[in-house]
Number of protein chains: 2
Amino acid sequence: MSIEKVAKIAGVSAATVSRVLNDQHIVKPATRDKVLAAIAQCNYQPNLLARQLRTSRSRMLLVLVSNITNPFCSLVVRGIEEEAERHGYHILLCNSESNPTRESAYLSLLRGKVVDGVITMDAVSCLPGLTDMIGDFPWVQCGEGDPEFRASSVTIDNSQAASAGVYHLAAKNRQRIALINSDMRYLYSQQREQGYRKALTELGFEYCKIEYVEELDYTAGAKAMEKLLQNAPKPDAVFAISDVIAGGAMSVLHQQGLHIPNDIAVLGFDGVPFGEVTTPPLSTIVQPMHQFGIRSVQLLINKIKHPQLDDSHEILEWQLIERGST
Amino acid sequence: MSIEKVAKIAGVSAATVSRVLNDQHIVKPATRDKVLAAIAQCNYQPNLLARQLRTSRSRMLLVLVSNITNPFCSLVVRGIEEEAERHGYHILLCNSESNPTRESAYLSLLRGKVVDGVITMDAVSCLPGLTDMIGDFPWVQCGEGDPEFRASSVTIDNSQAASAGVYHLAAKNRQRIALINSDMRYLYSQQREQGYRKALTELGFEYCKIEYVEELDYTAGAKAMEKLLQNAPKPDAVFAISDVIAGGAMSVLHQQGLHIPNDIAVLGFDGVPFGEVTTPPLSTIVQPMHQFGIRSVQLLINKIKHPQLDDSHEILEWQLIERGST
DNA sequence: CTGAAAGCGCTTACAG
DNA sequence: CTGAAAGCGCTTACAG
């Protein structure tokens with residue numbers, strides 16, 4: 001079923017059908033009604049590929065996440081989808097697992113005109129080949145903002161938030177605050193570590209111990225916690241780079257019979273729902289995940305509509321929520 | 001940059017460039033080399049929309065999930081993406097939140113030729129309008145298999161698994177086994193409830209108490225648990241329809257000072273990673289989530305390639321894992 | 001082995 | 001207000 005056939009049924013030209021389809025009000029009401037009737041009669045739905053090819057607009061957005069399994073990511077994606085829908089856009093999801101081959105396969109959709117722009121939530125910024133692939137296409141980095149790249153960004157002040165986390169723990173009389181950080185490829189990891197070290201210095205604390213994880217999952221958090229408990233003196237607080245990591249750490253502490261927060265305090269990062277149901281509930285630094293998604297889409301669509309626009313870098317507010325674990 | 005320009009640079013016709021692009025081996029090696037050089041020289045990437053329009057194959061799959069935030073969903077999506085990539089397909093994600101408007105917007109992409117087929121993980125089956133939209137397009141239901149519909153499916157035997165759960169709890173000397181079930185729109189909810197009731201009858205248990213949740217999140221699980229504890233006699237075991245629900249329930253039990261499993265046992269469903277880090281670790285019925293994703297894609301692509309094929313209904317194996325909570 | 005031509009199904013100046 | 005025609009960028013019989 002094509003526009004040509006609808007036109008024939010309605011007794012008009014394809015151009016007129018197209019005008020009706022696109023809500024152009026220059027069509028005479030009577031004609032319009034005939035067309036609408038024909039469309040309904042044959043249950044016609046335009047071929048979107050043809051339209052996209054012709055207009056060179058796909059109204060699709062590529063979203064590159066490193067791990068959709070991470071609740072932080074899925075909450076951001078939710079915000080992205082909500083806002084995209086509002087603007088008539090659809091989402092193509094690439095769950096990259098930080099796999100460059102897969103990322104580049106998806107990014108080639110930009111040059112292939114299948115998507116109009118991309119939101120990245122992975123550290124593409126350190127994979128030079130990939131940034132070449134993005135080239136001049138509309139791009140916003142979400143949750144991470146490397147000003148070196150020609151991309152807009154939506155983030156929080158990671159360094160400041162991490163410092164605040166350390167001060168919070170210090171206010172709870174903790175002296176030996178360990179950090180479980182993730183892959184230093186991520187700019188946010190670097191920034192949070194910097195904030196952690198800065199606060200430690202300001203406080204005059206000597207204890208400074210950092211364990212790195214390669215994946216942001218419970219198992220990685222558990223392993224890191226085990227390592228942290230091996231050397232003396234043991235920490236009396238752990239600051240985890242993500243709530244998921246904190247969850248893994250807490251399970252090890254329970255196993256070893258340590259009391260949270262008396263023996264050791266635990267502070268997370270992200271503000272993911274499961275932090276509300278841990279034992280004890282997890283204190284954490286909340287990122288505005290939903291808002292991350294919404295603003296990212298707004299910036300991206302703005303850039304798609306006005307390509308000559310300058311990149312903008314948004315810093316949203318974080319918030320420290322104290323629950324039972326600190 | 002179009003195929004025409006590449007052809008001009010290489011001194012051949014567009015048809016020849018197209019043949020090289022599509023790896024057709026009838027091209028003379030010398031010609032082939034010239035073309036490849038031209039492609040490299042101008043960094044050419046074919047317009048995928050044009051190709052898709054011409055071949056009427058988009059190599060895109062639509063995935064409809066009700067809530068990407070649910071770890072069950074994201075683990076299945078991961079499997080889907082992995083297998084799709086293997087076949088050269090990309091994923092369009094619709095996080096429907098069970099919102100019919102959004103679902104139908106995405107489903108219209110089927111008739112719009114933007115996607116070649118759809119995998120649903122939501123209860124579209126009870127939204128008649130939506131199944132009309134899917135029409136005769138390739139469709140597989142994942143995690144739910146309603147034989148009434150013209151769709152293939154990949155599931156487990158939900159009724160059998162639920163019965164086994166009840167028997168497991170009975171073997172732990174539980175007599176008052178409550179069920180926290182989800183929305184009865186879902187076929188799997190109906191099937192699991194049926195398995196639960198069947199086992200209860202077989203065991204001759206009189207206690208039978210079911211609480212329903214509308215959302216599959218921690219909060220909903222917590223609320224349901226609170227209600228369950230309000231009437232006497234209290235249950236000595238809770239069987240939750242999902243691990244996330246179980247997590248919410250456990251937090252309430254901890255708050256009320258009840259010991260798990262001594263005072264009350266908790267059994268989950270899904271086998272999601274966070275069940276490993278609860279206190280105590282969660283016993284659960286594991287669904288092969290990754291395999292769900294993989295098989296769904298295989299069935300779907302098979303159907304895309306051979307539309308006349310009959311629908312197939314696959315039942316995969318579940319597994320009861322006993323951890324500390326039962 | 002290669003090219004000229006038609007066509008996928010739309011949209012959009014242009015002319016009337 | 002409407003239609004004829006061109007064109008988006010590919011692929012694919014068809015002919016040579």
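Predicted, not measured: the structure shown is a model, and the values here were computed from it. Throughout, a chain's letter reflects where its sequence line sits, starting with A, and its residues are numbered from 1.
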Distance-only donor-acceptor hits, side chain of residues 301-309 of chain B, under 3.5 Å, sequence neighbours excluded:
{"from": "Lys303(B)", "atom 1": "NZ", "to": "Leu309(B)", "atom 2": "O", "distance (Å)": "2.7"}
{"from": "Lys303(B)", "atom 1": "NZ", "to": "Asp311(B)", "atom 2": "OD1", "distance (Å)": "3.3"}

> Closer than 4.0 Å, any side-chain N/O of Ser18(A) to the OP1 or OP2 of dC10(C)?
Replying inline: no
>> With a cut-off of less than 4.0 Å, is there a side-chain N or O of Thr55(A) near OP1 or OP2 of dT11(C)?
In response: no
> What is the distance, rounded to the nearest whole Å, between atom NZ of Lys8(B) and atom P of dG3(C)?
Replying inline: 14 Å
> Among all residues two or more places apart in sequence or in another chain, which pass the side-chain hydrogen bond (donor to acceptor under 3.5 Å, both in side chains) test with Thr31(B)?
Replying inline: none
> Partners of Tyr188(B) by ring pair (Phe, Tyr, Trp, His ring centres under 6.0 Å), sequence neighbours excluded?
Replying inline: Tyr186(B)
> Pairs counted as Watson-Crick or G-U wobble with both distances under 3.5 Å: what dot-bracket string results for DNA chain D, using | for bases tied to another strand?
Replying inline: |||.||||||||.|||
>> The criterion is side-chain hydrogen bond (donor to acceptor under 3.5 Å, both in side chains); which residues satisfy it with Arg86(B), sequence neighbours excluded?
In response: Glu82(B), Glu83(B)
> At what distance, to the nearest 0.5 angstrom, does CG of Leu48(B) lie from CD of Gln52(A)?
Replying inline: 11.5 Å
For residues 112-120 of chain A, which side-chain donor-acceptor pairs fall under 3.5 Å, sequence neighbours excluded?
{"from": "Asp116(A)", "atom 1": "OD1", "to": "Ser58(A)", "atom 2": "N", "distance (Å)": "3.0"}
{"from": "Asp116(A)", "atom 1": "OD1", "to": "Ser58(A)", "atom 2": "OG", "distance (Å)": "3.1"}
{"from": "Asp116(A)", "atom 1": "OD2", "to": "Ser58(A)", "atom 2": "N", "distance (Å)": "3.2"}
{"from": "Asp116(A)", "atom 1": "OD2", "to": "Arg59(A)", "atom 2": "N", "distance (Å)": "2.8"}
{"from": "Thr120(A)", "atom 1": "OG1", "to": "Trp139(A)", "atom 2": "NE1", "distance (Å)": "3.0"}

>> Out of the candidates Met289(B), Gln291(B), His290(B), only one should pair with Val76(B) under the side-chain contact (heavy atoms from CB on, under 4.5 Å) rule; please name it.
In response: Met289(B)
>> So, using side-chain hydrogen bond (donor to acceptor under 3.5 Å, both in side chains) as the criterion, who are the partners of Asp310(B) when residues are at least two apart?
In response: none
> Which ones in residues 27-37 of chain A lie close to DNA chain D, meaning a heavy atom under 4.0 Å from one of its atoms?
Replying inline: Val27(A), Lys28(A), Thr31(A)
> In whole angstrom, what separates Ile26(A)'s CD1 from dT11(C)'s P?
Replying inline: 13 Å
> Which residues pass the side chain to side chain contact (heavy atoms under 4.5 Å, CB included) test with Lys5(A), sequence neighbours left out?
Replying inline: Met1(A), Ser2(A)
> Restricting to pairs with a member in residues 33-57 of chain B, which pass salt bridge (charged side-chain N to carboxylate O under 4.0 Å, His left out), not counting sequence neighbours?
Replying inline: none
> Which pairs pass ring-ring contact (aromatic ring centres under 6.0 Å, His included) with one or both residues in residues 56-103 of chain A, sequence neighbours excluded?
Replying inline: His90(A)-Tyr106(B)
>> In this structure, how many angstroms lie between the C1' atom of dC10(D) and the CZ atom of Arg59(B), rounded?
In response: 16 Å
> Could you write nucleotides 4-9 of chain D as a row of B, S and -, 5' to 3', where a protein heavy atom under 4.0 Å of any base atom gives B, of only sugar-phosphate atoms gives S, and otherwise -?
Replying inline: B-BBBB
> Which whole-number value in Å describes the distance from Arg57(A) CZ to dT11(C) C1'?
Replying inline: 14 Å
